[in-house]
Visitor: 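Okay, here's the structure, questions in a sec.
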Amino acid sequence: CSSHSFCGQHPLLLGMPRSSRFGQWATTCNPDVNLEAGPPQAPSAASQHLSRPSPGAPVEGPASSDDPSVLLGAPPHRDGSAEVVAGPLWFRVMFAPNVRVRREPEANASPVAFLERGEIVEACEVRSGWASLAHMERESRDISKDCGAWVLIDGRPLNLGILLEPYMPRWFKVVFEPRVAVRKAARSDAPAICWLDAGEVVQVAAVRSGWVALSASERRARDISRDCGSWLLIDASDRGLGKLLQICPPPGWVAATKPGDEVPLGS
């Protein structure tokens with residue numbers, strides 16, 4: 001495992017904050033949270049009625065502005081209350097300055113890395129309130145294959161508040177060559193209705209059980225009828241193909257030289 005000096009720190013925290021690697025385009029599933037204004041504050045009485053996903057529950061969409069037809073052919077909802085929930089799932093780090101990644105899903109397990117406030121990370125599994133980092137996340141942090149990489153989602157029992165909040169990506173890039181299939185339903189044996197070439201960036205309306213549904217605007221651009229689903233598999237590693245799609249910024253987003261100063265083209 002990669003190692004760091006953790007002496008004298010809180011068992012779940014370490015180090016100094018830096019900007020998220022996704023910058024300002026990363027949107028928490030609660031749009032009212034302003035990460036630049038400091039740690040999340042207790043909601044006001046007027047906002048108590050707002051529905052909020054429970055920590056660790058899958059965030060699977062769709063966006064309210066999308067046509068309901070985008071969910072045709074969808075897989076069943078995953079049970080966010082289950083003991084084990086399979087990924088891919090995404091989370092945004094909500095606690096400042098950062099949160100520890102641990103070798104085992106236990107509060108006293110050895111730390112192997114840390115996640116900084118504002119980062120968006122992918123998990124391959126959630127088990128009993130802990131998220132296991134996906135292979136790509138582990139590699140980027142130099143965590144060896146024989147070492148676990150678990151992050152506590154809800155630190156309220158330890159008087160820390162919510163550490164990770166569920167997040168639904170809206171933009172994906174095709175990373176598999178030469179192309180990937182858009183299928184009529186979220187099943188590998190469903191008919192392919194069109195194809196996306198490697199490097200294409202698309203907006204999605206929902207993420208469900210390892211599949212994404214194209215947004216209404218993407219469907220219109222490809223002349224997909226309203227009585228037809230449009231689903232893409234995210235990861236085919238179990239078939240030896242690896243990642244098919246990877247989350248990315250919206251088209252036209254340019255990172256400035258100073259982290260956190262990213263601006264869209266034309267602004």
Side-chain angles (χ1 to χ4, degrees), residues 29 53 56-91 120-127 131-139 145 166-248 251:
C29 59
V59 177
E60 299 184 318
S64 58
S65 60
D66 274 303
D67 190 313
S69 64
V70 299
L71 289 184
L72 287 174
H77 271 292
R78 291 185 284 199
D79 181 6
S81 64
E83 179 100 358
V84 178
V85 179
L89 300 164
W90 288 267
F91 294 90
I120 295 168
V121 293
E122 180 181 344
C124 60
E125 175 187 350
V126 169
R127 181 188 303 172
S132 177
L133 295 185
H135 176 71
M136 178 195 70
E137 303 287 354
R138 296 163 56 90
E139 279 195 333
K145 294 180 179 179
Y167 169 86
M168 194 192 92
R170 292 304 305 266
W171 296 90
F172 283 81
K173 181 178 182 178
V174 178
V175 294
F176 183 81
E177 296 184 351
R179 59 184 186 171
V180 298
V182 180
R183 300 192 178 276
K184 187 173 183 178
R187 303 192 318 269
S188 296
D189 61 350
I193 58 173
C194 63
W195 299 82
L196 299 182
D197 294 329
E200 283 196 66
V201 173
V202 292
Q203 185 180 35
V204 306
V207 180
R208 288 273 187 92
S209 302
W211 294 78
V212 297
L214 292 181
S215 68
S217 61
E218 298 285 354
R219 290 165 57 88
R220 287 192 296 270
R222 292 164 177 79
D223 198 25
I224 299 172
S225 64
R226 289 174 58 89
D227 61 352
C228 182
S230 54
W231 294 87
L232 295 95
L233 185 63
I234 298 172
D235 194 330
S237 295
D238 58 344
R239 299 171 215 170
L241 299 177
K243 278 271 192 184
L244 307 184
L245 308 177
Q246 181 62 53
I247 74 170
C248 67

Visitor: Donor-acceptor pair, Arg179 side chain versus Leu196 backbone, under 3.5 Å?
Guide: no

Visitor: Could you tell me which non-hydrogen atom of Ala131 sits nearest to which non-hydrogen atom of Phe91, and how far apart they are?
Guide: CB-CE1, 4.1 Å

Visitor: Quick one: CD on Glu177 to CG on Asp197, what's the gap to the nearest 0.5 Å?
Guide: 10.0 Å

Visitor: On a heavy-atom basis, which atom in Val70 and which in Ala213 lie closest, and how many Å separate them?
Guide: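 Smallest heavy-atom distance, with atoms named: O-CB, 3.4 Å.
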
Visitor: Working to the nearest 0.5 angstrom, can you tell me the gap between Glu122 CD and Ser132 OG?
Guide: 11.0 Å

Visitor: Taking it one step at a time, do Ile234 and Val207 satisfy side-chain contact (heavy atoms from CB on, under 4.5 Å)?
Guide: CA-CA 9 Å; Ile234 298 172; Val207 180; 4.2 Å; yes

Visitor: Salt-bridged, Glu139 to Lys243, with N to O below 4.0 Å?
Guide: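 No salt bridge links Glu139 with Lys243.
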
Visitor: I'd like to check Ser188 versus Arg239 (side-chain heavy atoms, cut-off strictly below 4.5 Å). Are they in contact?
Guide: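 In contact.
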
Visitor: Considering non-hydrogen atoms only, spot the tightest contact between Gly210 and Pro88 and give its length.
Guide: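 That closest heavy-atom pairing would be CA-CD, 3.6 Å.
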
Visitor: Within the supplied structure, the quantity of interest is the number of heavy atoms (other residues, nucleotides, ligands) at a distance under 6.0 Å from Lys184 NZ; does it exceed 12?
Guide: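 No, NZ of Lys184 has 12 or fewer neighbouring heavy atoms, counting only those of other groups under 6.0 Å.
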
Visitor: Quick one: closest heavy-atom pair of Arg222 and Val202, and the distance?
Guide: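 The answer is NH2-CG1, 3.6 Å.
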
Visitor: How long is the gap from CD on Gln203 to CZ on Phe172, to the nearest 0.5 Å?
Guide: 11.5 Å

Visitor: Could you tell me if the side chain of Leu233 sits less than 4.5 Å from the side chain of Arg183, heavy atoms only?
Guide: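 No. Closest side-chain heavy atoms not under 4.5 Å.
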
Visitor: To check you understand the geometry: which heavy-atom pair defines the closest contact between Ala181 and Ala192, and what is its length?
Guide: CB-CB, 4.0 Å

Visitor: Does Leu72 offer a backbone N or O that forms a donor-acceptor pair with the side chain of Trp231 under 3.5 Å?
Guide: yes

Visitor: State, with a plain yes or no, whether a side-chain heavy atom of Pro166 is found less than 4.5 Å away from one of Trp90.
Guide: no

Visitor: Evaluate the side-chain proximity of Ser230 to Glu218: yes if any heavy-atom separation is below 4.5 Å, no if none is.
Guide: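 In short, these two side chains do not touch, never coming nearer than 4.5 Å.
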
Visitor: Surrounding CG of Asp238 (heavy atoms of other residues, nucleotides or ligands, distance under 6.0 Å), is the total greater than 12?
Guide: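 Enclosed.
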
Visitor: Is there a side-chain contact (heavy atoms from CB on, under 4.5 Å) between Asp235 and His135 once you walk through the steps?
Guide: CA-CA 11 Å; Asp235 194 330; His135 176 71; over 6 Å; no

Visitor: Closest heavy-atom contact between Ile120 and Glu137?
Guide: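 Result for this residue pair: O-OE2, 4.1 Å.
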
Visitor: Mark yes or no for whether Arg219, through its side chain, and Cys228, through its backbone, hold a donor-acceptor pair below 3.5 Å.
Guide: yes

Visitor: How far apart are the C-alpha atoms of Val174 and Leu245, what are their side-chain angles, what is the distance that settles it, and do they pass the side-chain contact (heavy atoms from CB on, under 4.5 Å) test?
Guide: CA-CA 5 Å; Val174 178; Leu245 308 177; 3.8 Å; yes

Visitor: Please step through side-chain contact (heavy atoms from CB on, under 4.5 Å) for the pair Leu214 and Leu232, ending with a clear verdict.
Guide: CA-CA 8 Å; Leu214 292 181; Leu232 295 95; 3.6 Å; yes

